[in-house]
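Keep in mind it's a predicted model, so treat the numbers as computed, not measured. The figures that follow rest on heavy atoms only: side chains count, while hydrogens, waters and symmetry mates do not. Below, chains carry the letters A, B, ... as their sequence lines are ordered, and counting in each starts from 1.
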Amino acid sequence: MSNASETIQKRSSYRLPTHRGERIRLAPHQMSPDPKDKDAVRRWLEERPRPWAIDLFCGAGGLSLGLEEEGFSVVAAADADQVATETHAANIHGLTWTGDLSDPSEFIRQLDDWGIEEVDLLAGGPPCQPFSTAGMSKIGDLVRRGDRSPRDERADLWRSFFAIVDRLNPRAMLFENVPNFAQAQGGALLIALLDELKGRGYGAHVEVLEAWRYRVPQHRSRLFVIGIAEEGNFEWPKPIKGRPTVGQVIGDLPVVEAGVRDEVQGYKGPPESVLGRLLRKGLTHPESQLIRDHVTRSVRPDDAEIYKLLKPGGTYMDVPEHLRRYRSDTFSDKYLRLSFEDLSRTITAHIAKDGYWYIHPREDRTLSIREAARIQTFPDRFRFAGQPSNRYRQIGNAVPPLLASAIASAVKDALEDRIPVAGTTGRQPKSVGHLRDNLSRWFGQSKRDFPWRRLRLSPWQILLLEMCLHRTKAEQVARVADKLLSLGETPDSFLSNSRDLAPVLSSLGLHWRSVNLASAAEFVRDRLAGEVPDNWQELTAIPGVGDYIASAVLCFAFGRPSVLMDTNTVRIARRLLGSSDQPNWQLRLALHKLAGPRGADVEWNQALLDLGALVCTARAPKCGECPIRAYCKTGTEMS
DNA sequence: GTCCCGATGA
DNA sequence: TCATCGGGAC
């Protein structure tokens, strides 16, 4: 008996019947005007206190709720998902619009209709699946197999932001996304966003915040970009003391079995924590006796057996061999039982698909909808529209309201100009221009001479060279450069002439690269019509091409300013800033800033690479010869 | 709605 | 090693 047939048998005998849950419908907020009644809207707007905010890609309204709690009037919100806007309209005192924001003109027309001509804050988080780590894995896989175009239109949604920014001229802008947004397109997307902001006179601030530092009991971290008009002052919210736990937010909810579909239940006792009390706030009698959405999924009998064996914090690795249905090498975290004493795994939209990452700490079932909402710090008075899986998705996609509150409060302070000038961050030091000048002058005199810098090369030849240069000493590659370049300007000519290339590369210890080069050449020839692409997505689809090579080709072959991140440039950035713990994306932003108005162009990148090879070497850097020593924290300390 | 599937960055 | 506002087949 083979393993495969065994697995199939298990599947068929335990699969649960499909069960569609109740579709909850919610009436709009009592105080909101009828969106179709222009006069009512106009009268209502006159009464709405400042500051005003608009929430784009609002979803259920986690961000809106935080803004509202901190005193913003969320006068309008937009999202493509009708059920999410139904939730938003029911819970947030404001106008809601359902529609596609990839073309913002329709929403702008609606704003005109309502008479909303300017707001204080434009906020929102475009869909992040294209940027998230989990999404990248799947999308990358599909692109490589040719099942999907490498361009993901959703990645362009943030551009809609600026069409609306230009229409409303907000005093502040808030952009929320997954941390991986900082890596998207080799970091170029974030840099483009910041440049768009600066071009409009906003001071731009970027940070990745961990939700648990703001009372949200999850590992969730999110990237925020804040733009403040006229370079006004802004300070990130200070973390709140202590570490919240899952127990604090769901410990007081009544015990329910798996598969319980009762939409309305009674509380069993008082809240058991400060946080629990906060989440029950605002329940009005007689609603305060009732709890909504505490409904659970059914559990397969074989899963139930596994859940019983899992202790809090337990994962797939703790499941006995004979009960495992999945590969354990790649799915070590297939199951996770949460712990009352710890943070939860991030509540993502995935919770709408299955609950294996969200097994209740004590009960042998996955989280109820209300428990997921609680862990996202939605208060119990917040209701969700739609069928169960849709409600889970809305919750997973939301900005946790308490995190939203923290940010909202910081933005409000900035709008009211309550930040001391000394706290100013994110401004360019006055000396940046000189740093670039000094480096350019040094580069003019000391640059290294390589064959590829003297010749005019085709994009394919540049791609070929960069694939060889990556993680290799340039002098090494210089010895085979003539041979490489003689193979012709196209992948076609490369493939027909490269038979005797392998021994040459092998002699330099670069054997594996000849295989890589050949498969890259075949890919470009067969799948890209022989043309080296000029965009990041298609470049990185080429086998063997990662962030660095893609950025290098964009810069050196197509003249597109790109910050190159390799061991040399990263080392220089770390030494300049005098810090060892900054993540790569911050170093990239720092280098982008230091490159000055001309950007990280060919000269800048070559100069940095040469500086790293000749002066700012890994061991025994020659700080005495360094042209930018005056701007370097490490270099000045060493003197 | 339910089940199964994996690459990526720090 | 850890964690992931994920996705498609059925």
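- Atom-to-atom, CG of A:Leu63 to C1' of C:dC5 comes out at 13 Å; the value is rounded to the nearest Å.
- Minimum interatomic distance between A:Ile542 and A:Pro533 (heavy atoms only, all atoms of both residues): CD1-CD, 4.1 Å.
- DNA chain C is contacted by both A:Glu176 and A:Lys353; A:Glu176 maps to the nucleotide lying nearer its 5′ end (nearest heavy atom per residue).
- For the pair A:Arg345 and C:dT4, the criterion of a side-chain N or O lying under 4.0 Å from OP1 or OP2 is met.
- When the C1' atom is used for both C:dT4 and B:dC5, the distance is 14 Å, rounded to whole Å.
- Annotation: C:dC2 and B:dG6 have their C1' atoms spaced 15 Å apart (nearest Å).
- Judged by distance alone with a 3.5 Å cut-off, a donor-acceptor contact links the side chain of A:Asp354 to the base of B:dC4.
- The side chain of A:Arg220 contributes no N or O atom lying less than 4.0 Å from OP1 or OP2 of C:dC5.
- Across the protein-nucleic acid pair, A:Gln582 atom CD and B:dA10 atom P stand 13 Å apart, rounded to whole Å.
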May I have the step-by-step check of side-chain contact (heavy atoms from CB on, under 4.5 Å) for A:Glu22 and A:Val295, ending in yes or no?
-> CA-CA 10 Å; A:Glu22 192 179 338; A:Val295 299; over 6 Å; no
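- Note on A:Asn180: every side-chain N or O is 4.0 Å or more away from OP1 and OP2 of C:dT4.
- Nucleotide C:dA3 holds its P atom 14 Å from the CD1 atom of A:Ile347, rounded to whole Å.
- In this structure, A:Gly59 reaches neither bases nor backbone, as no heavy-atom distance under 4.0 Å exists between it and the strands shown.
- Between A:Asp364 and A:Arg337, at least one side-chain nitrogen of the basic residue sits less than 4.0 Å from a carboxylate oxygen of the acidic one, meeting the salt-bridge criterion.
- Heavy atoms of A:Gln387 sit under 4.0 angstrom from primed sugar atoms or phosphate atoms, though from no base atom.
- At whole-Å resolution of the value, CG in A:Leu223 and C1' in B:dA10 are 15 Å apart.
- Taking 3.5 Å as the limit, the base of C:dG6 and the side chain of A:His350 contain a donor-acceptor pair of atoms between them.
- Residues meeting the ring-ring contact (aromatic ring centres under 6.0 Å, His included) test with A:His19, sequence neighbours left out: none.
- Proximity note for A:Trp357 (side chain, C-beta onward) versus B:dT2, C:dT4, B:dG1: the nearest is C:dT4.
- Each of C:dA3, B:dG1, C:dC5 was ranked by its minimum atom distance to the side chain of A:His219; first place goes to C:dA3.
- The nearest whole Å value for the distance from the CG atom in A:Leu343 to the P atom in C:dC2 is 16 Å.
- With hydrogens and angles disregarded, a donor-acceptor distance shorter than 3.5 Å links the side chain of A:Thr348 to the backbone of A:His350.
- Contacts of A:Phe224 classified as ring-ring contact (aromatic ring centres under 6.0 Å, His included), with partners at least two apart in sequence or in another chain: none.
- Side-chain to base pairing of A:Arg300 with B:dC3: no donor and acceptor N or O lie closer than 3.5 Å to each other.
- Atom OH of A:Tyr356 and atom P of C:dT4 are 19 Å apart (whole Å).
- Considering only residues two or more places apart in sequence or on other chains, A:Tyr356 meets the side-chain hydrogen bond (donor to acceptor under 3.5 Å, both in side chains) condition with A:Asp303, A:Arg325.
- Comparing B:dA10, B:dT2, C:dG6 by their nearest atom to the side chain of A:Gln183 picks out B:dA10.
- Contact between the side-chain N/O atoms of A:Gln218 and the OP1/OP2 oxygens of C:dC5 is not found at any separation under 4.0 Å.
- One finds a side-chain N or O of A:Arg222 lying less than 4.0 angstrom from the OP1 or OP2 phosphate oxygen of C:dC5.
- Residues satisfying the side-chain contact (heavy atoms from CB on, under 4.5 Å) criterion with A:Ala123, sequence neighbours excluded, are A:Leu63, A:Leu67, A:Leu121, A:Leu174.
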Given Watson-Crick and G-U pairs under 3.5 Å, DNA chain C in dot-bracket ([ ] crossing, | other strand) is ||||.|||||
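- Regarding A:Asp547, its CG atom lies at a distance of 9 Å from the P atom of B:dA10, rounded to whole Å.
- A straight line from CG of A:Leu336 to P of C:dC2 spans 12 Å, rounded to a whole angstrom.
- In this view, A:Thr366 and A:Arg297, A:Tyr307, A:Ile359 satisfy the side-chain contact (heavy atoms from CB on, under 4.5 Å) rule, not counting sequence neighbours.
- Both A:His19 and A:Trp585 sit near DNA chain B, but only A:His19 has its closest nucleotide nearer the 5' end.
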